[in-house]
Amino acid sequence: MKKRLVLFIPLVLFLVMGVFLYKGLFLNPQNLDSALEGKPIPAFQLERLEDRGDLITNESLKGKVSLLNVWATWCPSCKYEHPYLMRLARQDILPIYGINYRDERAMAIRELNRQGDPYTVNIFDHDGRLGLDLGVYGAPESYLVDHNGIIRYRYAGPIDQRVWNETLFPMIEELQAAAKLDGAS
């Protein structure tokens with residue numbers, strides 16, 4: 001009798017694995033949990049992309065609701081997202097801070113000169129340390145940050161009109177309203 005039950009163990013394991021994998025088919029890879037949501041931007045001190053002597057810190061990003069956007073020249077999805085970021089920058093809804101992630105400085109500057117620069121400030125994260133501290137899986141990723149420097153939402157993937165209208169813009173309006181109540185700009 002025991003030998004017959006042992007024969008069913010592989011079948012039971014196969015069924016359990018099948019259910020687990022089937023459930024994974026319906027997960028949204030752009031809806032990644034972030035351990036930093038509700039926490040401050042990690043402390044950092046990095047150079048501005050365009051100026052090695054200009055240091056940017058996490059404190060530099062406080063005061064307004066903002067969008068942190070992780071990008072790189074090697075990232076095809078970043079190239080897809082770029083025209084939409086340019087459009088958002090022209091609308092001046094909120095500051096967009098770029099984090100140039102694991103890239104070459106000269107190539108990144110050349111790309112921005114050629115395609116336009118949507119960023120209020122561009123942080124050069126050559127070794128990816130800030131990206132690692134943020135929990136970046138890959139580029140592009142974006143973080144909504146409130147006026148106190150607290151990460152409120154993380155979005156993995158390129159921002160387009162649908163993502164903006166359905167997800168980001170409603171949150172931004174709420175965060176900006178809360179900032180006005182707190183007396184921030």
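Not measured: the values here are computed from a predicted model. Reckoned from all heavy atoms, side chains included, excluding hydrogens, waters and symmetry mates. The residues of the chain are indexed from 1 along the displayed sequence.
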Please walk me through it: do Y97 and N69 pass side-chain contact (heavy atoms from CB on, under 4.5 Å)?
CA-CA 6 Å; Y97 297 109; N69 178 256; over 6 Å; no
Carboxylate-amine/guanidinium proximity below 4.0 Å for R129 and D133:
yes
So, does K79 use its side chain to make a donor-acceptor pair with the main chain of T73 at under 3.5 Å?
yes
Could you walk me through whether D127 and L132 pass side-chain contact (heavy atoms from CB on, under 4.5 Å), step by step?
CA-CA 9 Å; D127 64 0; L132 181 67; over 6 Å; no
Is there side-chain contact between D54 and V121, with at least one heavy-atom pair below 4.5 Å?
no
Heavy-atom distance under 4.5 Å between the side chains of Y143 and V136, does that happen here?
yes
Could you check if a side-chain atom of V65 sits within less than 4.5 angstrom of a side-chain atom of V145, using non-hydrogen atoms only?
no
So, D125 side chain and L130 main chain: donor-acceptor pair closer than 3.5 Å or not?
yes
Would a single hydrophobic cluster contain both Y101 and L36, if residues Ile, Leu, Val, Met, Phe, Trp and Tyr are joined by side-chain heavy-atom contacts under 4.5 Å?
yes
Heavy-atom distance under 4.5 Å between the side chains of L168 and Y153, does that happen here?
yes
Flag the pair H126 / E104 as yes when at least one side-chain heavy-atom distance between them is below 4.5 Å, and no otherwise.
yes
Mind listing the closest non-hydrogen atom pair of P118 and L112 along with its distance?
CD-CD2, 4.3 Å
Taking E81 for its side chain and I159 for its backbone only, find out whether a donor-acceptor pair lies under 3.5 Å.
yes
Min side-chain heavy-atom separation Y155-L144 under 4.5 Å
no
Please round to the nearest 0.5 Å and tell me the distance separating atom CG of N100 and atom CD of E111.
10.0 Å
Does CZ belonging to R52 count more than 12 external heavy atoms closer than 6.0 Å?
no
Look at the side chain of D146 and the backbone N and O of N148, then say whether any donor-acceptor pair between them is shorter than 3.5 Å.
yes
Rounded to the nearest 0.5 Å, what separates atom CZ in R162 from atom OG1 in T167?
6.5 Å
Salt-bridge test for E141 and R154: reply yes if a basic N is under 4.0 Å from a carboxylate O, no otherwise.
yes
Main chain of G116, side chain of H82: is a donor-acceptor contact present, judged purely on distance under 3.5 Å?
yes
How long is the span from the CG atom in L68 to the CD1 atom in I96, to the nearest 0.5 Å?
10.5 Å
Centre of F124's six-membered ring, under 6.0 Å away, within 45 degrees of the axis: is that where NZ or CZ of R105 sits?
yes
Check whether Q176 reaches the backbone of I93 with its side chain - one donor and one acceptor, N or O, closer than 3.5 Å.
yes
Closest heavy-atom pair, L49 versus I109, reported as atoms and distance to 0.1 Å, is O-CD1, 3.6 Å
I want to check something: taking the side chain as every heavy atom from C-beta on, are I56 and L46 in contact at a cut-off of under 4.5 Å?
no
Gap between atom CD1 of I41 and atom NZ of K39 - 0.5 Å precision
14.5 Å
Indicate whether the side chain of N122 and that of W71 have a donor and an acceptor atom separated by less than 3.5 Å.
yes
Heavy-atom side-chain contact between V70 and P140 under 4.5 Å
no
With clusters defined by side-chain heavy atoms of hydrophobic residues (ILVMFWY) lying less than 4.5 Å apart, directly or transitively, does L88 cluster with F169?
yes
Which value, rounded to the nearest 0.5 Å, describes the distance between Y84 atom OH and W164 atom CH2?
6.5 Å
Kindly compute the distance separating CG (D103) from SG (C75), expressed to the nearest 0.5 Å.
9.5 Å
